[in-house]
Amino acid sequence: MENQPTVFSEKHRVTYYEADFTRRMTIAMMLDVIILASEDHSDTLGVGAEFVRQFGVTWVVIQYDVHIKRMPVVDENITINTKSKSYNKYFAYREFTIESESGEVIMHMTGLWAAMNYKERKISSIPKETVEPFGAEKVNQVPKMPKPQKVQYDEETKQSFRVRYTDIDSNQHVNNAHYMDWMVNVLPADFLTNHTPTHFLLRYENEVKYGSTVESYYDMEEQEDGSILTKHEIMSNDSHSAIANITWRKND
């Protein structure tokens, strides 16, 4: 009988500092609590960051594909569920949901991870000891994720950010959620106040180093169904660091 993926769940109360002034949780903070759940899941199975590091690697995110029914709001109690579904030699595929107190699924996310060699900072084969405890299925090919559309560059829609000391996390690279903050913060405040994200694709291309300057580009277009698609790209030292597409609906 094949192993079944272990499902890990944890509760979280949305705090005021995780939300913007509409009282809705920001995308970046939502990513943070989701990743915390995945790390807690790993820790409960005895394959946390310290265990993984002994193989000379660390986990890095390649891409997220996220569908949002609604964003959690301040003081709401939510439940984050996650399981590691499948993996092959180089990639691991994980699934997440966020549920409201009534059990309604308000967010569904799939993510693609890889193991990166700590010293060489290059993708490495995944040590089986780091994934077998999850009960994930070993496959020849993990599911492919759609690629985000590229940005039409315009200097007028560009904003620069300096990578600060507090942007670097304990894995010694820029916290993944900060990329989304850099992307969202170039959008007009009135747009963000009056629109809610319903879907986004976020793909990471190259690491951003401490002390460097990043340029955040975006463009915006209305879709046939009335939604708005914003396309984003983070550039650093002429290198493509991250790319994203976010779909927004106007608030009711």
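His41 and Phe134 have their aromatic ring centers within a separation under 6.0 angstrom. For Tyr64 and Phe200, the ring centers are positioned 6.0 Å apart or more. Taking the six-membered ring for Trp and the full ring otherwise, His67 and His108 have centroids separated by 6.0 Å or more.
A cation-pi arrangement is not found for Arg23 relative to Phe21, the charged atom failing to lie both closer than 6.0 Å to the ring centre and inside a 45° cone about the ring normal.
Of all the heavy atoms in Arg94 and Lys83, the pair that sits closest is CG-O, 3.2 Å. Heavy atoms only, all atoms of each residue included: Pro133 and Thr6 are closest at O-CG2, 4.1 Å. Residues Arg70 and Ser100 share a closest heavy-atom pair of NH2-CB, 3.7 Å. Closest approach of Val186 to Met183, counting heavy atoms only: CG2-O, 3.0 Å. The two residues Val184 and Ile246 come nearest to each other via the heavy atoms CG2-CD1, 4.3 Å.
Each of Val33, Thr82, Leu31, Thr110 was scored for a side chain to side chain contact (heavy atoms under 4.5 Å, CB included) with Phe96, with one residue passing: Thr82. When Lys150, Glu205, Arg203, Glu233 are each tested for a side chain to side chain donor-acceptor pair (under 3.5 Å) with His240, only one passes: Glu233.
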- [ ] Show your working on side-chain hydrogen bond (donor to acceptor under 3.5 Å, both in side chains) between Thr198 and Trp248 and close with a plain yes or no.
- [x] CA-CA 6 Å; Thr198 60; Trp248 308 79; over 6 Å; no
Open item on the list: Run the salt bridge (Lys or Arg N to Asp or Glu O under 4.0 Å) test on Glu76 and Arg13 for me, step by step, so that the C-alpha distance in whole Å, both residues' side-chain angles and the decisive distance to 0.1 Å come before the verdict.
Closed with: CA-CA 6 Å; Glu76 182 175 9; Arg13 180 175 68 87; over 6 Å; no
- [ ] Under the ring pair (Phe, Tyr, Trp, His ring centres under 6.0 Å) rule, what do Tyr204 and Tyr179 come out as? Steps first, then yes or no, please.
- [x] CA-CA 9 Å; Tyr204 299 96; Tyr179 291 83; 5.1 Å; yes
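Going from atom CG of Asp65 over to atom CG of Leu201 covers 5.0 Å, rounded to the nearest 0.5 Å. Taking CD1 of Ile228 as the reference point, atom CD of Gln223 lies at 7.5 Å (rounded to 0.5 Å). If you take OG on Ser86 and CD on Gln141, they are separated by 10.5 Å, rounding to the nearest 0.5 Å.
Hydrophobic clustering, with ILVMFWY side chains joined whenever heavy atoms are under 4.5 angstrom apart, keeps Ile243 apart from Met145. Taking hydrophobic clusters as Ile, Leu, Val, Met, Phe, Trp and Tyr residues chained together by side-chain heavy-atom distances below 4.5 Å, Ile168 shares a cluster with Val61.
Without hydrogens or angle criteria, Asn237 side chain to Ser239 main chain gives no donor-acceptor distance under 3.5 Å. Panel note: side chain Gln54, backbone Phe51; a donor-acceptor pair is recorded below 3.5 Å. Panel note: side chain Thr157, backbone Asp219; no donor-acceptor pair is recorded below 3.5 Å. Checking side-chain atoms of Ser9 against main-chain N and O of Asn81 turns up no donor-acceptor pair under 3.5 Å.
A salt bridge is defined here as a Lys NZ or Arg NE, NH1 or NH2 lying under 4.0 Å from an Asp or Glu carboxylate O, and Glu132 with Lys138 fails to meet this definition.
Classified by interplanar angle (parallel below 30°, tilted 30° to 60°, perpendicular above 60°), the ring pair Phe191/His195 is parallel.
In this structure the side chain of Lys89 never reaches within 4.5 angstrom of the side chain of Ile126, judged on heavy atoms. You'll find the side chain of Pro127 reaches within 4.5 Å of the side chain of Val57, heavy atoms only. Using a 4.5 Å heavy-atom threshold, the side chains of Phe161 and Ile234 count as separate.
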